[in-house]
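These notes are about the structure you will find just below.
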Amino acid sequence: MPRTVAPWEVKRETLIRAEDRTDPSFGCKPEERQPEESMKFGVINLDKPAGPSSHEVAAWVKRILKLEHVGHGGTLEA
Amino acid sequence: MTGVLPVTLEESTKVVQALLYSGKEYVCVMKVHGDVAEDQVRKVLKEFEDAIYQRPPLRASVKRQLRTRRIYYLDFLEMDGRNVLFKVGCEGGTYIRKLCFDVGEVLGCGAHMQELRRTRAGPFVEDNCVRLHDMAYWFMQWQEKKDEKFLKKFVQPMERALASVPKIYIRDSAVDAVCHGANLTAPGVLRLESGIMEGSLLAVFSLKGEAVALARAAASSEHILSMDHGVVAKVERVLMPRGTYPRCWKSGEKVDEQKP
């Protein structure tokens, strides 16, 4: 029986509908953001320690990095 | 339980929706409650591949109704006495504790989850995950030395979180309309990825590779490619602040900007 392909194994092609250029005076490539901006639009791939809940760990990150908002992708039950 | 936990900062908190539904991978130690042969364990684990039914446990933060979850793969790794080590790739929201219990039922002797480590959450894998104390150290280094390289050691752009979500790339002139919540229409679309189905979650990107919004596809990839007008995707979550790109749509009687 063929297994269902995991989302990260899906290969996608890029289809082109039209061509256009982008104006360098607006926006910026994600990897060229200013430090403050890269924090603001950033994600941390954290290695959750055993013990505290995912919510607690996220709260620690918020406190350590002195941020206003943090969220986490999927609870790892404690 | 330990392992990969993507933490979104400030504005990027809006991408969690995409992360929650993304697939996960775990390495798990399951303890069986009786003596069973390795062949038997291997066979039973394979039976759990594909779709399974689960009712969320008593201690859960979601409605306890029966739901289906996909198991992409369930690979037996090794067995030592009554401890079974396996790796599982599954849909977001699969309860591994429940899975172990159910495997135990099929085995006949019962089983429970002993240890669990998440090795993947969507596009984030174990190989480059950072520990809390390393994060705290690099953050202090960055604050003291103001050298960006320390920041780069632990923060990734939020676009990374959308790596396995199909994307549509749009014109500069369409960006600000989408930032204001307008649905994406065909003329704004430049490029798109294959495999988009009507109703699937997709990410709207600028040509610079910035995430603009999360949206729900109103047509398939092939259909979108051939459309010359009409709504292509309904915007669900705007990710880019308004005003990042110039406003290029006409409103009311005042038209001061020309479409490029």
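All values reported here derive from a predicted model rather than from experimental measurement. Just so we're on the same page: letters track the sequence lines, and every chain starts at 1.
- Side chain of B:E10 to backbone of A:E68: a donor-acceptor contact under 3.5 angstrom is found.
- Screening residues 148-158 of chain B for side-chain hydrogen bond (donor to acceptor under 3.5 Å, both in side chains) gives B:E148-B:K152, B:Q156-B:R160 as the qualifying pairs, with residues at least two apart or on separate chains.
- The candidate with the highest count of non-hydrogen atom pairs below 4.5 Å against chain A, out of B:G93, B:A186, B:C90, B:A18, is B:A186.
- When each of A:E31, A:E32, A:R33 is checked for heavy-atom pairs under 4.5 Å with chain B, A:R33 comes out on top.
- Of all non-hydrogen atoms in A:G71 and B:V16, the two that sit nearest each other are C-CG1, 4.2 Å.
- Judged by distance alone, the side chain of A:K29 and the main-chain N or O of B:G209 form no donor-acceptor pair under 3.5 Å.
- Using a 4.5 Å cut-off between heavy atoms, B:S206 makes no contact with chain A at all.
- Neither the backbone nor the side chain of B:Y21 comes within contact range of chain A; no heavy atom of the residue lies under 4.5 Å from a heavy atom of that chain.
- Heavy atoms of B:P123 lying under 4.5 Å from chain A are absent altogether.
- Counting non-hydrogen atoms of other residues, nucleotides and ligands closer than 6.0 Å to NE2 of A:H55 gives a total of 12 or fewer.
- With chain B as the partner, the residue from A:A58, A:C28, A:S25 showing the most heavy-atom pairs under 4.5 Å is A:C28.
- Chain A forms more heavy-atom pairs under 4.5 Å with one residue of B:V175, B:L20, B:L19 than with any other, namely B:L20.
- Counting heavy-atom neighbours within 6.0 Å of B:Y137 OH, excluding the residue itself, gives a total of 12 or less.
- Between A:F26 and B:Y245, the ring-plane angle classifies as tilted under the 30° and 60° cut-offs.
- B:M240 does not touch chain A: none of its heavy atoms, backbone or side chain, sits under 4.5 Å away.
- Only the backbone of A:R21 has a heavy atom closer than 4.5 Å to any heavy atom of chain B.
- Between the CG atom of A:L46 and the OG1 atom of B:T8 there is a distance of 11.5 Å, given to the nearest 0.5 Å.
- Between the side chain of A:D20 and the main chain of B:R171, no donor-acceptor pair closer than 3.5 Å is present.
- Remark: side-chain polar atoms of A:R12 are paired, donor with acceptor, to backbone N or O of B:S194 under 3.5 angstrom.
- Note: B:R120 leads B:K24, B:R191, B:E193, B:R120 in heavy-atom pairs under 4.5 Å with chain A.
- Between B:W142 and A:P35, the closest heavy-atom pair is CZ2-CB, 3.6 Å.
- In terms of modelled atom types and a separation under 3.5 Å, the side chain of B:S164 and the main chain of A:P7 share no donor-acceptor contact.
- Environment of CD in B:Q143: crowded, with over 12 heavy atoms of neighbouring residues, nucleotides or ligands closer than 6.0 Å.
- Each of A:P30, A:A50, A:S38 has some count of heavy-atom pairs under 4.5 Å with chain B, and the biggest count is that of A:P30.
- Highest contact tally toward chain A, considering only B:R70, B:E25, B:E11, B:K167, is held by B:E11 [criterion: heavy-atom pairs under 4.5 Å].
- With a threshold of 4.5 angstrom between heavy atoms, B:A51 does not approach chain A through any atom at all.
- Taking both residues in full, the closest heavy atoms of B:T2 and A:P49 are given as CG2-C, 4.0 Å, listed atom of the first, atom of the second, then distance.
- Rounded to the nearest 0.5 angstrom, B:L151 CG and A:E36 CD are separated by 8.5 Å.
- Using modelled atom types, one side-chain atom of A:R17 and one backbone atom of B:V189 make a donor-acceptor pair closer than 3.5 Å.
- Of the atoms belonging to A:V10, not a single heavy atom falls under 4.5 Å from chain B.
- Side-chain contact between A:L65 and B:F154 is present, with at least one heavy-atom pair separated by less than 4.5 Å.
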N/O donor to acceptor pairs below 3.5 angstrom from side-chain atoms of residues 124-135 of chain B, sequence neighbours left out:
residue: B:E126; atom: OE2; partner: B:R117; partner atom: NE; Å: 2.5
residue: B:E126; atom: OE2; partner: B:R117; partner atom: NH2; Å: 3.3
residue: B:N128; atom: OD1; partner: A:N45; partner atom: ND2; Å: 2.8

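- Both the backbone and the side chain of B:L225 come within less than 4.5 Å of a heavy atom of chain A.
- In this structure, the side chains of B:V155 and A:M39 come closer than 4.5 Å at one or more pairs of heavy atoms.
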- Residue pair A:I44, B:L9: steps toward the side-chain contact (heavy atoms from CB on, under 4.5 Å) verdict: CA-CA 8 Å; A:I44 299 176; B:L9 316 176; 4.0 Å; yes
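- Atom-to-atom distance recorded for B:T13:OG1 and A:F41:CZ is 11.0 Å, nearest 0.5 angstrom.
- Only the backbone of A:E19 comes within contact range of chain B, with at least one heavy atom under 4.5 Å from a heavy atom of that chain.
- Closest non-hydrogen pair, B:L5 versus A:S54, comes out as CD1-OG, 3.9 Å.
- In terms of modelled atom types and a separation under 3.5 Å, the side chain of B:T244 and the main chain of A:G27 share no donor-acceptor contact.
- When heavy atoms are compared at a cutoff of 4.5 Å, A:E37 does not approach chain B at all.
- B:S221 has its side chain within reach of A:L15: a pair of non-hydrogen atoms, C-beta onward, lies under 4.5 Å apart.
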